[in-house]
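Read through the structure below, which is laid out as structure tokens, and then see the notes.
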Amino acid sequence: MPDLFNNIGFPWLSVLIFSPLVALTVLLLLPGARAQRWWTLFFTTGEFAVSLLLYPQFNPQTAAYQFVEQHAWIAPWKIHYTVGVDGISLWLVLLTTLVMPLCVLASWTYIQTRLKEFLAALLLMETAMLGVFCALDFVLFFVFWEAMLIPMALIIGVWGGPRRIYAALKFFVYTMAGSVFLLVAIIALFLQAGTFHIPDLMGREYPMNVQFWVFLAFFISFAIKVPMFPFHTWLPAAHVEAPTAGSVLLASILLKMGGYGFVRLSLPITPQAAQLFAPAIQWLSVIAIIYGGLAALAQTDMKKLVAYSSVAHMGFVTLGIFTFTSGGLEGAMLQMINHGITTGALFICVGLLYERLHTREMNAAAGVGKFMPVFITAFGVFALSSMAFPGTNSFIGEFLVLASTFASVPMVAVAAVPGVIIAAAYLLRLLQRLAWGGTCNPDHAGIKDLSWHEIAALLPLFMLVFWLGLKPGSFVEAMRPSLLNLLQQVQSAAKL
Amino acid sequence: MPELLLLTGALALFFVTLGERRSLLARRVALGTALATIAACVLALPAESILFDGAYRVDGFSQILKLFLALGLFLALLTAGGLRDIPADFRPEFYLFTVLGGFGLVTLVSCVDVLTLVVALQMASFPLYLLVPLRREREGQRAQMESAAKYIMFGIAANGIMLFGLSYLYGLTGATALPALMHKLRPVAESPLALAGLALTCCGLFYKLAVFPFHFWTPDVYQGSSNESAAIIASLPKLGAVAVLARLTALASPDNPRFALLLAVLAAASMFYGNLAALVQTDLKRLLGFSGIAHAGYTVVGLVALDRDGRAAALYYLFAYLFMTLACFTVVCRVSYEGRNVAMSELAGLHRRSPLLAWTLLAGVFGLAGVPPLAGFIGKLALLKAALAQGWLWLLVLAVLNSAIAVYYYLLLIREAFFRDATPEAPVLELDAATRWLCWLLVVLILALGLFPGRIIALLGMVV
């Protein structure tokens, strides 16, 4: 499909993907924790700035892949190094580069041991995550997809909480088990189509029995990553035990990969099977929304609460994707970005409270708002955003998803709505405790408000909450052609 | 050339063993021989000729295997390091037997006549049998003797079965040269006699590769022999075995479903047995032994396809396996306290005691688990692709399930090395320069085979 390719010459994406490895080499040579911290912060901020340069050069009028690069890699098997972004992946690339410096800031004082290795793991993660969102060759995609596992498992297992080893093993085993099915699907598609090139694979029609099995294999892999009910059990353990930066990476980027996989691969490659399974997946999403909400409501550990709320929020994403409407897809994509911003911010907030109080129990933190006005303001905004308060970013995403679901499958939408109310309940309860609960707690007397690096970590997210909430148009417009193109593919397959 | 060099090296080592017991000299001679052989293999890569009345063929296939065998020999010798677990008296012999075994393997891959094949297989086997009992004796422990007996007895039995199978094939075709045998066997390849002949012939090689049900020596021999010997037994002979298996399976015509089914069943049984048994191991070498059985199963998955791609995949996988196993054994040899066997718990806190060793272990273990971008991933991809292309969906699903099972016990090793703290009495591990180089080399090789496999895959695709 040459018309879907738009190469502008300079290898922007390769620079973005591989420069963290160069930074990693420099990092390994740097002595002293201070230099290492500053270098990583400097580099990741620079990387974000470079990634922002993509935006003005990106043509939002077309569904074409842009900034495409293609080189032979494993020639005998027709595996190429092909990267490119479209309206769907561009935002996820930007989200990734945005989150990285915030992760460095969130670990500024949190990580005291083996700092160099921790920062190295973060940089490795950046390469792998950007690679996943840019890869247009299936093997390349899989390589990046799996390459994330090792640094992430190390981040959880080495710098995590008391049950970190259990959580790291569980995370690794679950995702690896899912990935092997993805590998089978990749090979099966190659044998059908004779190529690993993802845009080529999308342009073909496959017999229903092939679609059926390939979709199932995709589904297992992506559903574990999202994670969808009932594949979610690794998530609370991983989130709770991971250090703050790990939780942020998990929530903001890694979970998005499941949704991205559905949008990028499942829908266009196996459209008929996707429609066959859609009702079941819609109901699973509803279960995730309700179950995640109720589970969050039952938590007293703040990190667990946010982790379970992720299950619910990601339920909206899968619900939106499988409504097969433009509104649903746009809502799901926005919700992915919103969840990345909001939940990432909430994890940073919980992390910095933990640094001060050495506990994540909600009751122990009751009333800290009195001593930390800046913190509680930010936290309040993020909590309101998380419950999809109008004017904040999550509102528009959830609204689009629910409205589209109402239009296409009203029963499912009706069943999902209580999820919104439950979210309001657990988040308001948390906000109420932190802001006004236990006002006479003497332990909190010496507690300090946010430091410069904590403010720096939260401020960009704070601004994005309102920017996306009040002016989502610019985001939606850039992704619309790609999503419409995708929808067209699915709908034309349905008519066959 | 490589053969002559190895033979010269072996002779030189023989003289070293005769004189004063100078193990350092023996080590240098052995390493020098291996290095020179690598250079010779590189130079001889494009060589093609047929020697000894058509019984010995030098072609692309044999030359690329020789290169990897020579590289493997060099790395295995480095992995063995200072031979801490082998009595000083026997150290020169260790090098002699290893180089002799290497010579046997290098000749094995060039043999295209049944008779030379059998002779070369013996040449490759006997020196390795002798490596097993070379271990420092400990009070109340004679495990090495028991292991050696097991290895030799089963080895000889497997050889006998192989000869028996070859006699069937000879009886059917009247030919001993493999190309003639292949040609004459084709019309009758489906007959029970031919199948039995082929299957029995493969037994000898399955034994070397440790495919179920010819596997039972593996964990015991690994456990009983010294760490250094185990490193060699676990790596090099398997490559030789797969090379000959690739030549032999080319004998079976591509549409020989019964033979393919037989291989498929063996592959599935090996994978399940190896992986399930490995789950409960605590001795590191035993664990690697069982994982070796599982990997033999994966390798056979490639051979099941009975086509060019499948054979190339099996060989590629074994190249990767060679480096990944040596990486694991390097860790075993260095962590081992006075040459004793290493329990999994002794890896605790390895990342602090020696970060380089811990990262080498990580590369080896995740490579074996098939995590990209390491070599094992591309190897597995090649195997699965070849099997699925021939319609072996059920086998592919079983292989995938097994990969998922295997991840668990590999992770246990990583858990010990990276996530657990060392016990206070565990010593800090000081690595000598050679070991540091070896570690870097292995990690780079594992990464390079995973990231840039194109050339080798293209080469293998042409020559198998």
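First the proteins, then the strands, lettered A, B, ... as listed; each starts at 1.
Shortest non-hydrogen contact noted between Val143(A) and Pro373(B) is CG1-CB, 3.8 Å. Taking all atoms of both residues into account, the shortest heavy-atom contact from Phe418(B) to Arg114(A) is O-NH1, 4.2 Å. For the residue pair Pro453(B) and Ile74(A), the shortest heavy atom distance occurs at CG-CD1, 3.4 Å. Here the shortest heavy-atom pairing between Ala369(B) and Met176(A) reads O-CE, 3.7 Å.
In this structure, chain A has no heavy atom under 4.5 Å from any part of Ile405(B). For Leu393(B), no part lies near chain A; criterion is any non-hydrogen pair under 4.5 Å. If you measure heavy-atom distances from Leu396(B) to chain A, the contacts under 4.5 Å come from the side chain alone. Residue contact with chain A, scored on non-hydrogen atoms closer than 4.5 Å, involves the side chain of Val407(B) exclusively. With a 4.5 Å cut-off on non-hydrogen atoms, Leu169(A) touches chain B through its backbone and its side chain both. Neither the backbone nor the side chain of Ala399(B) has a heavy atom closer than 4.5 Å to any heavy atom of chain A. For Ala188(A), the parts lying under 4.5 angstrom from a heavy atom of chain B are both the backbone and the side chain.
Counting heavy atoms of neighbouring residues, nucleotides and ligands inside a 6.0 Å radius, atom CH2 of Trp440(B) does not exceed 12 of them. Within a 6.0 Å radius of CZ in Phe272(B), more than 12 heavy atoms belonging to other residues, nucleotides or ligands are found. Applying the 6.0 Å contact sphere to CZ of Arg455(B) captures no more than 12 heavy atoms from other residues, nucleotides or ligands. The environment of Trp213(A) atom CH2 is sparse: at most 12 non-hydrogen atoms of other residues, nucleotides or ligands sit within 6.0 angstrom. Summarising the local packing, NZ of Lys78(A) is surrounded by 12 or fewer heavy atoms from other residues, nucleotides or ligands at distances under 6.0 Å. Within a 6.0 Å sphere centred on CZ of Phe18(A), heavy atoms belonging to other residues, nucleotides or ligands number more than 12.
Put simply, the side chain of Phe377(B) reaches to within 4.5 Å of the side chain of Val139(A), judged on heavy atoms. With contacts defined as side-chain heavy-atom distances shorter than 4.5 Å, the pair Phe142(A)/Leu381(B) does not qualify. When side chains are defined from C-beta on, Tyr410(B) does not count as touching Phe172(A), because their heavy atoms never get closer than 4.5 Å. Contact check for Phe419(B) versus Leu154(A): side-chain heavy atoms found under the 4.5 Å cut-off. With a 4.5 Å cut-off on side-chain heavy atoms, Val400(B) and Leu183(A) do not count as touching.
Taken from CD1 in Ile165(A) to CG in Leu412(B), the straight-line distance is 11.0 Å, to the nearest 0.5 Å. Taken to the nearest 0.5 Å, the CH2 atom of Trp77(A) stands 8.5 Å off from the CG atom of Asp309(B). Taking CD from Gln192(A) and CG from Leu388(B), the interatomic distance works out to 9.0 Å, rounded to the nearest 0.5 Å.
Of residues 352-361 of chain B, those residues lying under 4.5 Å from chain A by any heavy-atom pair are Arg352(B), Trp359(B).
Of the possible polar contacts, one joining the Trp73(A) side chain to the Leu451(B) backbone as a donor-acceptor pair under 3.5 Å is found.
Ranking Val173(A), Ile186(A), Leu191(A) against chain B, the residue ahead of the rest is Leu191(A), based on heavy-atom pairs under 4.5 Å.
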